[in-house]
Amino acid sequence: MFKDLIKLDRLPTSWCPGCGLGQIMIQLATVMDERDLNYTNSTVISGVGCTGRIAGYMNVDGVYTLHGRTLPVAEAAKLVNPDLNVIVVSGDGDLASIGGNHLLHATRRNPNLTVICNNNNVYGLTGGQAGPTTPRGTKTVSTPAGAYYDTINLQNLIKTGGKYFYARTTVYHQLHFRNCIKEAISWPGFAFVDVISQCIENNGRRLGFKSAYEMLQHFKKTYRRAPDGAETLGPEEIGIVRQE
């Protein structure tokens, strides 16, 4: 059962009620259970931030890395043990901001890693500051007049490599989310799953959402499946694009 992959004695988690990270952990554990991935053949590596706590809740060996250094640590683990299934779970700030240079070059080197990015558009752990995925004009703790810059385009960044796997999904679209994880784990190279999720306490309420449920309903209304065979995902499309 997927529960065997979660340290139940450490529950309840430290995450805020309504946080999307609980679903991310459950969906990852479900897929790992289906694929017979466990403490004998897999590791979960995470970065600093709310998302980083996943490595401590999963019943496999893991590494809680320095801020932004998640990918080089994961690459090192894969290098010394090529048979190990190395799964990275980290936030958009950790991967795309302080760790952005590592992300750029990981796509170029194409190591066999599965990366799950908790993309909640904000720095949640430290109180809700603007991050690299915060939409222009969004008011946050650090941008009371609205975020000044456009967001980083994670899809285009991942596609800079000659070979790439980029998936976008949401916490609401659970079946699609699981399929994205399955295909990412099966991909023989660097696979990046961009998971749109909710941070109700340090982002959602400031945006006018009254609950995490309202944010999930927003994902339901906003995001649509991309057409079959799409080579690029539109801003409000979920799907998978890849190049072997």
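Since the structure is predicted, the reported quantities are computational estimates derived from the model, not experimental observations.
Salt-bridge annotation for Glu237 and Arg225: absent, with no side-chain N of the basic residue lying under 4.0 Å from a carboxylate O of the acidic one.
When ring centroids are compared, Trp15 and Tyr57 come within the 6.0 Å threshold. Here His173 and Phe219 keep their ring centres 6.0 angstrom or further from each other.
Taking NZ from Lys3 and CD1 from Ile26, the interatomic distance works out to 9.0 Å, rounded to the nearest 0.5 Å. The structure places SG of Cys16 at 9.5 Å from CG of Leu21, a figure rounded to the nearest 0.5 Å. Between the CD atom in Glu183 and the CZ atom in Phe165 there is a gap of 5.5 Å [rounded to 0.5 Å]. To the nearest 0.5 Å, the span separating OG1 on Thr160 from CD on Gln155 amounts to 12.0 Å. Note that CG of Leu103 and OG1 of Thr107 are 6.0 Å apart. Values are rounded to the nearest 0.5 Å.
Side-chain heavy atoms closer than 4.5 Å link hydrophobic residues (I, L, V, M, F, W, Y) into clusters, and following such links, possibly through other members, connects Ile152 to Tyr164. No single ILVMFWY cluster, assembled from side-chain heavy atoms under 4.5 Å apart, contains both Leu5 and Ile45.
Across Asn120, Thr170, Val171, a single residue satisfies side-chain contact (heavy atoms from CB on, under 4.5 Å) together with Gln198, and that is Val171. Of the candidates Val115, Thr133, Val89, Leu95 forms a side-chain contact (heavy atoms from CB on, under 4.5 Å) with just one, namely Val115. Of the candidates Thr232, Leu157, Leu233, Tyr166 forms a side-chain contact (heavy atoms from CB on, under 4.5 Å) with just one, namely Leu233.
In this structure, Thr114 and Val86 have side chains that are not in contact, with every pair of non-hydrogen atoms separated by 4.5 Å or more. The shortest side-chain heavy-atom distance between Asn81 and Asp83 falls under the 4.5 Å cut-off. Two residues are said to be in side-chain contact when any heavy atoms from C-beta on lie closer than 4.5 Å; Leu154 and Asp194 meet this criterion. Counting heavy atoms from C-beta on, the side chains of Arg178 and Thr30 come closer than 4.5 Å. Counting heavy atoms from C-beta on, the side chains of Met58 and Ile54 come closer than 4.5 Å. Using a 4.5 Å heavy-atom threshold, the side chains of His105 and Arg108 count as touching. At a threshold of 4.5 Å between non-hydrogen side-chain atoms, the residues Thr51 and Asp94 do not count as touching.
Between Thr134 and Ala147, the closest heavy-atom pair is CG2-CB, 4.1 Å. Heavy-atom minimum distance, Ser186 versus Arg35: OG-NH1, 2.9 Å. Of all heavy-atom pairs between Asn38 and Asn41, the closest is N-OD1, 2.8 Å.
Ser14 and Arg53 share a side-chain donor-acceptor pair at under 3.5 Å. Asn119 and Asn121 share a donor-acceptor pair across their side chains, judged by distance under 3.5 Å alone.
A perpendicular orientation is assigned to the rings of His67 and Tyr123, their planes being inclined by more than 60° (bins at 30° and 60°).
In the displayed structure, Lys7 atom NZ is contacted under 6.0 Å by more than 12 heavy atoms of other residues, nucleotides or ligands. Annotation: Lys78, atom NZ; neighbour count of heavy atoms from other residues, nucleotides and ligands within 6.0 Å is above 12. Environment of CG in Asp228: sparse, with no more than 12 heavy atoms of neighbouring residues, nucleotides or ligands closer than 6.0 Å.
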- Task: Take Lys163 and Arg242 through the side chain to side chain contact (heavy atoms under 4.5 Å, CB included) test and state the conclusion after the steps.
- Result: CA-CA 7 Å; Lys163 299 179 180 180; Arg242 64 192 111 195; over 6 Å; no

